[in-house]
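Note that these values count all heavy atoms, side chains included, but never hydrogens, waters or copies made by symmetry. For the single chain, residues carry numbers from 1 onward in sequence order.
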Amino acid sequence: YQRRVHGVGTACDAPNDINALLAKWDLGNYYSIGGSGRVISINPVSILNGLKSSGANLTIKTSISDDVNAAKNAMNGANIVIVCAATTSTENEDRANLLLDQDSFVDGVLSAAQIPSVVLLNTPGAVLTNWASKATAIANMFLAGQETGNAWADVLIGKVNPSGKLPVTFPVSESDTIPPCSQLYCEYTEKLVVGWKRFIGKPVQFPFGHGLSYTKFDYEWVQQPTTTCGKNLIACMSIRLNNSGGVDGAEVPQLYVAFPESAGEPPLQLKGFSKVFIPKGGDSVVSFELSQRDLSVYEESTSSWVKPSGDFGISIGSSSRDIRLKGFISL
């Protein structure tokens, strides 16, 4: 069965102007970030070219523009539409906003689509996706360089089962984030509630640690959290992951700890994670260990790490908001 795939949006076949990149040290594009750490790809593979060379049984048509009406026409006769979008970033300055360069285009295409719609994002970090509920699926790849299109093709045709997890939060609104600063002196007042922890208790679009797969993983305790561990450990525990889906895949179980309220710490902290490959129908045991330093807070008055007393909440899950197992330890 040959699928008719229509790709729409300029980001599906993004250019790579090497002369422009060489002329401006902090210029970024949809393949690499700008700045001193930039690696310029000689001939990066676009999403479109990756799909064309994938060997999959696809009929591919395109509308390489960010015109909604052209995209509507391109969708005629298609089984599925792939909507491509991206944005850039560079060293030395904040992004002016968290919008994709094609944000309104994506929204318009999704509003008009009558067929399954997959949105592919190439991003340097968090972006706004307020049209998310209109999409059949959304996949994000942080700027991936030379093999961008080939990597996308491997995931889209099922050659690779995605297993990445977000190291950032995709917010609902820019007002939930720290605004960009263009001054030489920028004051940040969030203190311990930095990064993803500032979103705890707030609605988000996609939470820290989030990432889906083509298979399903079930969690169960093997050893609930205990303080009887040895090896100078304060606490330890182990879980079993079962791949109950129909595809080989990898999961990243994440360990979060809630300190006693008296410690004055953020409500939840990531204290461990492990990426585990499990064949379909298989299982794997994953162990987590917590040292004294893991369960200590820094005390400025004594310039030392101090372990608080009280109950510590233990949560293990597939993301910071997909908690599968809970327990506690008392110290």
Side-chain angles (χ1 to χ4, degrees), residues 161-170 192-245 247-297 307-331:
N161 187 357
S163 57
K165 300 289 186 176
L166 284 179
V168 296
T169 300
F170 279 29
L192 294 178
V193 190
V194 66
W196 70 274
K197 293 184 284 292
R198 73 178 284 111
F199 295 97
I200 294 174
K202 296 180 180 179
V204 299
Q205 196 69 264
F206 299 105
F208 176 81
H210 173 75
L212 301 181
S213 167
Y214 293 148
T215 192
K216 179 185 177 184
F217 295 97
D218 301 320
Y219 288 57
E220 62 179 343
W221 286 116
V222 173
Q223 171 63 65
Q224 295 207 31
T226 177
T227 55
T228 307
C229 306
K231 296 196 304 183
N232 297 318
L233 295 173
I234 300 298
C236 55
M237 67 215 73
S238 58
I239 65 169
R240 178 175 287 106
L241 290 174
N242 297 283
N243 183 344
S244 58
V247 183
D248 297 345
E251 172 66 323
V252 185
Q254 301 155 41
L255 168 64
Y256 295 91
V257 173
F259 279 64
E261 188 174 346
S262 60
E265 291 290 292
L268 213 59
Q269 296 185 49
L270 178 68
K271 290 296 181 179
F273 61 91
S274 181
K275 188 167 189 174
V276 186
F277 178 83
I278 307 174
K280 61 181 179 181
D283 65 78
S284 181
V285 173
V286 180
S287 297
F288 291 103
E289 300 174 341
L290 292 169
S291 67
Q292 174 143 333
R293 177 66 175 270
D294 291 328
L295 299 179
S296 295
V297 298
K307 179 167 59 65
S309 297
D311 291 339
F312 290 75
I314 303 294
S315 299
I316 296 177
S318 187
S319 83
S320 59
R321 301 207 181 186
D322 182 10
I323 300 302
R324 309 292 183 88
L325 301 170
K326 285 193 172 186
F328 74 95
I329 54 173
S330 295
L331 300 176

Minimum-distance pair of heavy atoms, taken over all atoms of Tyr256 and Leu268: CB-CG, 3.7 Å
Thinking salt bridges, do Glu289 and Lys271 make one under a 4.0 Å N-O criterion? no
Begin with the C-alpha distance, continue with both residues' side-chain angles, and end with the deciding distance and a verdict on side-chain contact (heavy atoms from CB on, under 4.5 Å) for Leu192 and Lys197. CA-CA 8 Å; Leu192 294 178; Lys197 293 184 284 292; over 6 Å; no
Looking at every non-hydrogen atom in both residues, tell me the closest pair between Gln269 and Glu265 and how far apart they are. NE2-OE1, 2.8 Å
Could you go through the side-chain contact (heavy atoms from CB on, under 4.5 Å) check for Ile234 and Cys229 one step at a time? CA-CA 7 Å; Ile234 300 298; Cys229 306; over 6 Å; no
Just do the side-chain contact (heavy atoms from CB on, under 4.5 Å) check on Phe208 and Leu270 with the steps written out, would you? CA-CA 10 Å; Phe208 176 81; Leu270 178 68; 3.9 Å; yes
Which heavy-atom pair separates Ser330 from Phe328 by the least distance, and what is that distance? OG-CE1, 3.6 Å
Within-4.5 Å side-chain heavy-atom neighbours: Ile329 and Met237: no
Glu261 atom CD: more than 12 heavy-atom contacts under 6.0 Å: no
For the backbone of Lys280 and the side chain of Asp248, can you confirm whether one donor and one acceptor N or O come within less than 3.5 Å of each other? yes
Heavy-atom side-chain contact between Phe312 and Leu290 under 4.5 Å: no
Considering only heavy atoms from C-beta outward, does the side chain of Ser318 approach that of Tyr219 to under 4.5 Å? yes
In Å, rounded to the nearest 0.5 Å, how long is the span from CZ of Arg324 to CG of Asp218? 7.5 Å
Determine whether Ile316 and Trp221 make a side-chain contact, defined as any pair of heavy atoms from C-beta on separated by less than 4.5 Å. yes
Of all the heavy-atom pairs spanning Ser319 and Pro207, show the shortest one and how long it is. OG-CG, 4.0 Å
Could you tell me the separation between the CD atom of Gln223 and the CD1 atom of Ile239, rounded to the nearest 0.5 Å? 13.0 Å
If we count only N and O atoms by modelled type, under 3.5 Å, do the side chains of Ser320 and Gln254 hold a donor and an acceptor together? no
Output for pair (Ile278 CD1, Ser213 OG), nearest 0.5 Å, gives 10.0 Å
So how far is it from Asp311 CG to Ser262 OG, rounded to the nearest 0.5 Å? 10.0 Å
Any side-chain heavy-atom pair from Pro162 and Tyr214 closer than 4.5 angstrom? yes
Anything under 30° is parallel, anything over 60° is perpendicular, the rest tilted; go ahead and classify Phe170 against Phe206. perpendicular
Checking the side chain of Thr215 only, and the main-chain atoms of Val247 only, is there a donor and an acceptor separated by less than 3.5 Å? yes
Could you tell me the separation between the OG atom of Ser238 and the CZ atom of Phe288, rounded to the nearest 0.5 Å? 10.0 Å
4.5 Å side-chain heavy-atom contact, Asp294 and Val257: no
Would a 4.5 Å heavy-atom cut-off, applied to side chains only, mark Lys216 and Glu251 as touching? no
Checking the side chain of Lys165 only, and the main-chain atoms of Pro253 only, is there a donor and an acceptor separated by less than 3.5 Å? no
Closest heavy-atom contact between Pro308 and Leu331? O-CB, 4.4 Å
By the definition side chain to side chain contact (heavy atoms under 4.5 Å, CB included), identify the one residue from Val168, Val193, Thr169 that meets it with Phe199. Thr169
Rounded to the nearest 0.5 Å, what's the gap from OG on Ser315 to NZ on Lys326? Could you check? 5.0 Å
